[in-house]
Amino acid sequence: QLQLRESGSGLVKPSQTLSLTCAVSGGSISGDYSCTWFRQSPGKGLEWIGYIYHTGTTDYNPSLKGRVTISVDRSKNQFSLNLRSVTAADTAIYYCARGIRYFDSWGQGTLVTVSS
Amino acid sequence: EIVMTQSPATVSVSPGERVTLSCRASQSVSIHLAWYQQKSGQAPRLLIYNGSTRATGIPARFSGSGSGTEFTLTISSLQSEDFAVYYCQQYNNWPPWTFGQGTKVEVK
């Protein structure tokens with residue numbers, strides 16, 4: 001059974017970079033596997049951050065103003081999310097999910113707090 | 001951007017009862033709508049995609065219907081494990097994928 005697990009910095013200082021990894025187990029991310037990142041905060045609900053298509057194509061939420069990068073390391077079966085120049089508004093639970101239209105597998109989520 | 005609106009915000013239901021949740025899109029999304037269940041402290045779980053197709057392992061008491069701008073999720077006989085927040089999500093025009101604000105199903 002496919003499992004996704006997010007990990008990374010749980011506390012990030014303002015203006016620094018949030019870095020998360022989504023490790024996939026129980027299956028390979030080769031082939032047509034696409035990964036989409038979301039975040040969820042009480043005030044904004046579920047928000048799309050960006051995705052990486054199985055071809056390597058990426059796209060990001062314009063509201064993040066060029067601060068985000070998503071990449072893949074197929075040798076490690078994992079995806080990565082970097083969000084630069086964070087502010088308190090980036091405090092949220094971050095999820096990775098499999099899919100590009102609807103999302104059938106999700107990581108358990110990781111809470112990232114932006115605070116000095 | 002397509003806006004998804006769910007109603008009601010909260011519904012109080014007794015175990016064994018039938019409950020119907022609504023989701024409306026600001027423009028047609030054809031059948032490209034998914035429903036998710038989210039329990040406290042957990043990730044969303046896909047229940048329904050393409051408006052009415054149950055995801056793998058989802059019990060038959062969950063059913064989805066609708067197309068265009070109006071959709072419903074019905075739980076035919078609510079079980080204790082079904083108390084949660086339910087979200088609809090459109091994928092007709094993406095990105096962005098957009099979600100409704102959620103409907104909380106609570107114990108009456």
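Residue numbers start from 1 in every chain, and the chains themselves are labelled A, B, ... in the order their sequence lines are given, proteins ahead of strands.
Between A:Phe103 and B:Tyr36, the ring planes are parallel. Angles under 30° get that label, and only those over 60° would be called perpendicular. Using a 30° and 60° split on the angle between ring planes, A:Tyr102 and B:Tyr49 fall in the parallel class, below 30°.
Residue with the most contacts toward chain A among B:Pro95, B:Pro96, B:Gly100: B:Pro95 (heavy-atom pairs, distance under 4.5 Å). Ranking A:Tyr95, A:Phe38, A:Tyr60 against chain B, the residue ahead of the rest is A:Tyr95, based on heavy-atom pairs under 4.5 Å.
Hydrophobic clustering (ILVMFWY, side-chain heavy atoms < 4.5 Å, transitive): B:Phe99 and B:Val105 are in distinct clusters. In this structure, B:Tyr86 is a member of the same hydrophobic cluster as B:Val29, with clusters built from ILVMFWY side-chain heavy atoms closer than 4.5 Å. Note: the hydrophobic cluster containing A:Trp106 also contains B:Tyr91 (ILVMFWY, side chain heavy atoms under 4.5 Å, direct or indirect links).
To the nearest 0.5 Å, atoms CD (B:Gln89) and CZ (A:Arg101) are separated by 10.5 Å. A:Ser63 contributes atom OG, which lies 9.0 Å from atom CD of B:Glu1 (distance to the nearest 0.5 angstrom).
When every heavy atom of B:Ala43 is checked against every heavy atom of A:Gly107, the shortest pair comes out as CB-O, 3.0 Å.
Other residues, nucleotides and ligands contribute only 12 or fewer heavy atoms inside 6.0 Å of the CD atom of A:Gln1. Around CD of A:Gln108, the count of heavy atoms belonging to other residues, nucleotides or ligands within 6.0 Å exceeds 12. The local environment of CZ in A:Arg5 is sparse, with at most 12 non-hydrogen atoms from other residues, nucleotides or ligands closer than 6.0 Å. Heavy-atom contacts from other residues, nucleotides or ligands closer than 6.0 Å to NZ of B:Lys39 number more than 12. In this structure, B:Arg18 places its CZ atom where only 12 or fewer heavy-atom neighbours from other residues, nucleotides or ligands lie under 6.0 Å away. Within 6.0 Å of CZ in B:Arg24 there are 12 or fewer heavy atoms belonging to other residues, nucleotides or ligands.
Contacts between B:Gln38 and chain A at a heavy-atom distance below 4.5 Å involve the side chain alone, from C-beta outward. Proximity to chain B is absent for every atom of A:Leu111, based on heavy atoms less than 4.5 angstrom apart. Interface residue A:Thr36: only side-chain heavy atoms are found under 4.5 Å from chain B. Of the two parts of A:Gln40, only the side chain, counted from C-beta on, holds a non-hydrogen atom closer than 4.5 Å to a non-hydrogen atom of chain B. With a 4.5 angstrom heavy-atom cutoff, B:Ala34 touches chain A only via side-chain atoms. For chain B, the nearby part of A:Asp59 is the side chain; its heavy atoms alone come within less than 4.5 Å.
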Steps toward side-chain contact (heavy atoms from CB on, under 4.5 Å) verdict (A:Asn61, B:Trp97): CA-CA 10 Å; A:Asn61 191 326; B:Trp97 299 265; over 6 Å; no
